[in-house]
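So the structure is just underneath, and the comments pick up after that.
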Amino acid sequence: MAVGCEIRKWVVVCVVVLVVNLRHIGAQGQPQVPCYFIFGDSLVDNGNNNNIASLAKANYMPYGIDFPRGPTGRFSNGKTTVDVISELLGLGDIPPYATARGRDILRGVNYASAAAGIRDETGRQLGGRISMNGQVNNYKNTVSQIVNILGNESSAANYLSKCIFSLGLGSNDYLNNYFMPNNYPTSRQFTPEQYADVLIQQYSQQIRPLYNFGARKLALIGVGQIGCSPNALAQNSPDGRTCVQRFNNANQLFNDRLKSLVDNLNNNLPNARFIYINAYGIFQDLISNPASFGFRVTNAGCCGVGRNMGQITCLPLQTPCANRNAFLFWDAFHPGEAANIIIGRRSYSAQSASDAYPIDIRRLAQL
Ligand SMILES: *[C@@H]1O[C@H](CO)[C@@H](O)[C@H](O)[C@H]1NC(C)=O
């Protein structure tokens, strides 16, 4: 009898503790929008390449060494920029398309795939990947599931109109296409200006079906300074420190057109709001004043091989640098968590007038 009371008392205590904890979680992360859909490449992939036959994978240690769940497929020691944005939106972890099931998709889905580009052939030399066209098809599949869950198309359209969409592609169309003349003919077919034009043209055709399938709040993330990655420095910078201007100039041509595309889409797609995130400019800030952001090393990866630790990406079970937050780059191509936190925060809440155009993600969410 006494034992029974004791047990019952504990059950009551446990239930009370559980309820208080759940309340606490709710209050902490009151979502600002119901959902967040992510399109992109290895900068934001969170596991879609894990079961694809590809050289572009990161589901092994020490990737994820600072991530609570360890290696997940993220190309970072910890969080990616979209993890940071998602947290600030109050949504928490967004599932990768590869494993998202059931009602989980109502919080959003991450379609990003390492090595993917706007062009279908981009990244082919690395193996399988889900190009932007494939990601758009996967999104359409998600929408039909959402229609089933919510009952009809108009409820689904109303729901999706409140969600944030972020798109960050283009880096691989340079890195794993245009600037790889032995594998791809594009640099012989197009001048850098023409190539930026064809990429933006194709991108805008991929964005239209997202709009037709409900997207109304879209953030287009520009490409960063590919010419400053440890890999670019290792292969093309005489002093291993001066960024490769030819790469960065091409990236700027793309970004200028992407920003114009935002105006164009805002003028032509009723009830949609597009914004541009100036990842290039934010990155420029980090690389020009590294010390003020706590970085000591900007030209070498924390984990990698060879010159600038930039010849290839971080190998399985390799020991990374000790002070990971002091390195802008985690590996040959990808910024580490410390940089991703700054880039993610400034995308969400602009700290300089040029970070986001015409508004930042925080205000996009409030519309
Ligand atoms: C769609 O479903 C909602 C919620 O169940 C309902 O209120 C609405 O009338 C439905 N609309 C149509 C067009 O069937």
Side-chain angles (χ1 to χ4, degrees), residues 15 18-40 44 46-48 82-83 85-113 130 132-168 203-221 261-262 264-275 348 359-367:
V15 167
L18 195 65
V19 167
V20 169
N21 273 341
L22 288 176
R23 283 236 181 110
H24 183 63
I25 289 165
Q28 215 176 21
Q30 194 55 256
Q32 290 158 35
V33 291
C35 32
Y36 181 21
F37 294 90
I38 298 152
F39 301 79
V44 297
N46 67 345
N48 288 308
V82 299
D83 290 325
I85 292 168
S86 176
E87 242 168 56
L88 291 166
L89 288 169
L91 288 169
D93 210 3
I94 303 298
Y97 179 77
T99 57
R101 294 289 177 272
R103 296 184 70 89
D104 276 357
I105 63 171
L106 293 177
R107 270 192 303 124
V109 176
N110 183 334
Y111 303 93
S113 167
I130 308 162
M132 183 56 179
N133 283 328
Q135 295 181 32
V136 171
N137 281 335
N138 289 343
Y139 171 68
K140 290 181 184 170
N141 182 28
T142 301
V143 172
S144 69
Q145 291 174 256
I146 290 179
V147 170
N148 281 338
I149 294 171
L150 298 183
N152 60 45
E153 284 182 12
S154 61
S155 323
N158 180 48
Y159 187 79
L160 291 167
S161 71
K162 299 173 187 145
C163 307
I164 299 283
F165 291 70
S166 74
L167 286 66
Y203 209 13
S204 78
Q205 281 167 12
Q206 292 160 339
I207 290 167
R208 246 168 211 279
L210 301 184
Y211 174 82
N212 292 338
F213 281 74
R216 291 295 180 270
K217 298 181 173 192
L218 303 96
L220 307 185
I221 302 172
L261 180 63
V262 161
N264 183 314
L265 294 169
N266 279 330
N267 290 331
N268 289 301
L269 298 180
N271 301 318
R273 281 307 292 270
F274 286 83
I275 67 168
Y348 177 78
I359 53 173
D360 56 25
I361 294 176
R362 188 176 60 88
R363 288 186 52 206
L364 184 65
Q366 287 164 356
L367 294 175

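Only heavy atoms go into these numbers, but all of them, side chains included; no hydrogens, no water, no symmetry mates. Counting starts at 1 for both ligands and their atoms, in listed order.
Counting heavy atoms from C-beta outward, F37 and L160 have side chains that approach closer than 4.5 Å. Side-chain contact between V82 and Y36 is present, with heavy atoms from C-beta onward closer than 4.5 Å.
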Just the distances, no angles: every ligand 1 N or O to protein N or O pair closer than 3.5 Å, one line each.
from: ligand 1; atom 1: 2 (O); to: N152; atom 2: ND2; distance (Å): 2.3
from: ligand 1; atom 1: 2 (O); to: S155; atom 2: OG; distance (Å): 3.3
from: ligand 1; atom 1: 11 (N); to: N152; atom 2: ND2; distance (Å): 3.0
from: ligand 1; atom 1: 14 (O); to: N152; atom 2: ND2; distance (Å): 3.2

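For E87, the side chain to side chain donor-acceptor pair (under 3.5 Å) partners are K79, not counting sequence neighbours. For F274, there are no ring-ring contact (aromatic ring centres under 6.0 Å, His included) partners, not counting sequence neighbours. With sequence neighbours left out, R103 forms a side-chain contact (heavy atoms from CB on, under 4.5 Å) with L106, I149.
For E153, the CD atom is loosely surrounded, since the number of other residues' heavy atoms within 6.0 Å does not exceed 12.
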